Every structure is written in structure tokens, then in C-alpha cells.
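The structure displayed is predicted, hence computed values, not measured ones. Values below: all heavy atoms of this structure, side chains included; hydrogens, waters and symmetry mates excluded.
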Amino acid sequence: MHIQERYILMLEDDYDDRYFTSEVMKGLDIAVPIRFLSNTDLLFATLEESNPLLIVIDYNLHPETGLEVLQKIRRHPTYQHIPVVILGDTKNPDFVTKCYQCGANTYATKPTTIDATKNKIELFFKYWLEVAETLSPLDENENAENQ
């Protein structure tokens with residue numbers, strides 16, 4: 001059974017990155033909550049309960065990489081419609097291409113300074129919450145009822 005709520009799911013196993021993202025978001029007054037998860041098992045258990053507006057995955061996860069997790073999400077028919085963003089450390093064109101080939105909706109590099117990180121987080125959430133059309137849980141219900 002899926003609970004109806006709006007939230008962003010972030011798979012990040014680094015405590016400092018989770019903390020910093022959370023603190024920046026508080027300062028930006030973002031109305032949609034973010035749920036931080038530290039491993040793939042928790043991610044799929046959470047997806048069984050409810051679908052987020054967006055999934056953000058750090059590439060540098062262990063033991064699986066972010067791309068391996070992305071591929072699992074894309075193979076599951078129930079989750080294929082959820083936008084997925086991969087966060088990484090490289091701008092290597094071959095790697096970025098591979099992320100998109102595996103089904104990422106966006107690939108973004110992590111900035112190296114605090115100010116750049118704050119700016120990127122703000123722009124990132126403005127795009128995904130104010131510009132991009134994503135399905136809210138209520139939209140999913142309407143689609144199911146209209147079929």
C-alpha cells in the first residue's frame with residue numbers, strides 16, 4: 001500500500017553530505033521534505049511504501065555504486081516514472097553519457113566550495129520543484145482512476 005505524500009528521497013551514505021544538504025535546505029525554506037537514506041535496502045523498502053517526487057543518488061555509494069542502484073530502479077516497472085538524479089565527482093563526458101544511458105534524468109557534479117554547493121542546491125531544487133513537471137502521489141491516483 002502506497003502512502004500519499006510529497007517528498008524527495010536522497011540515497012547518500014556520507015553523513016557530512018546529508019547534514020550539509022539538510023542545513024542548506026532549511027535555509028532555503030523548501031516546502032517539500034527530503035528523506036535521507038544510507039543504503040539500497042532502505043531505498044527499496046521506502047519505495048514499497050510510497051513514491052517520492054524525485055530520487056537523488058550519490059554515485060559513490062558502497063557496496064553498490066549509484067549507477068547500479070539506478071539500473072535496479074529502472075528495471076522495476078513501478079518505479080520507472082520517478083525522476084532520478086545522479087550526483088558525482090567527475091565531469092568526464094564518457095561517465096556522464098553512461099549515467100544518461102542507464103536512465104538518469106539528470107547528472108550533477110558536487111561543487112567543491114560551500115558557496116558553490118549552496119548555490120547548486122538552491123538551483124537544483126528550484127528546477128525540480130518549480131520548473132519540472134513531476135508526478136505527485138495525487139497525480140498517480142488520478143491516472144490510475146482514469147484508466
Donor-acceptor pairs under 3.5 angstrom involving side-chain atoms of residues 118-133: please list them, not counting sequence neighbours.
unit_1	atom_1	unit_2	atom_2	d
K120	NZ	T109	O	2.8
K120	NZ	T109	OG1	3.2

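With contacts defined as side-chain heavy-atom distances shorter than 4.5 Å, the pair L70/L67 qualifies. Side-chain atoms of L43 and I73, non-hydrogen and from C-beta on, do get closer than 4.5 Å to each other. Using a 4.5 Å cut-off on side-chain heavy atoms (C-beta onward), I82 and P52 make contact. With a 4.5 Å cut-off on side-chain heavy atoms, I55 and L47 count as touching. The closest side-chain heavy-atom distance from F44 to L37 is not below 4.5 Å. For the pair L11 and L9, the minimum side-chain heavy-atom distance is 4.5 Å or more. By the 4.5 Å heavy-atom criterion applied to side chains, Y107 and K91 are not counted as neighbours.
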If you apply the rule side-chain contact (heavy atoms from CB on, under 4.5 Å), what do you find for E68 with T40, and how did you get there? CA-CA 10 Å; E68 291 168 327; T40 306; over 6 Å; no

Does the pair Y59 and C99 meet the rule for a side-chain contact (heavy atoms from CB on, under 4.5 Å), with working shown? CA-CA 10 Å; Y59 173 76; C99 289; 5.6 Å; no

CA sep, side-chain torsions, deciding dist, call: I114, F20, side-chain contact (heavy atoms from CB on, under 4.5 Å): CA-CA 9 Å; I114 291 174; F20 187 70; 3.8 Å; yes

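Interatomic distance, CD of Q71 versus CD of E64, reported as 10.0 Å (0.5 Å rounding). Taken from CG in D89 to CG in D58, the straight-line distance is 7.0 Å, to the nearest 0.5 Å. Here Q80 contributes atom CD and R74 contributes atom CZ; the two are 7.5 Å apart, rounded to the nearest 0.5 Å. Here the OG1-CG distance, from T21 to L87, works out to 8.0 Å after rounding to the nearest 0.5 Å. Distance check, rounded to the nearest 0.5 Å: CG of L53 to CD1 of I34 gives 11.0 Å. Here the straight-line distance linking atom NZ of K110 with atom CD of E12 works out to 4.0 Å at 0.5 Å rounding.
Residues L54 and L28 share a single hydrophobic cluster, defined by chaining ILVMFWY side chains whose heavy atoms lie under 4.5 Å apart.
The backbone N or O of V84 lies less than 3.5 Å from a partner atom in the side chain of N105, making a donor-acceptor pair.
Within a 6.0 Å radius of OH in Y100, other residues, nucleotides and ligands contribute more than 12 heavy atoms.
Closest approach of T90 to V96, counting heavy atoms only: O-CG2, 4.5 Å.
Both tests do not hold together for R18 against F36: distance to the six-membered ring centre under 6.0 Å, angle to the ring axis within 45°.
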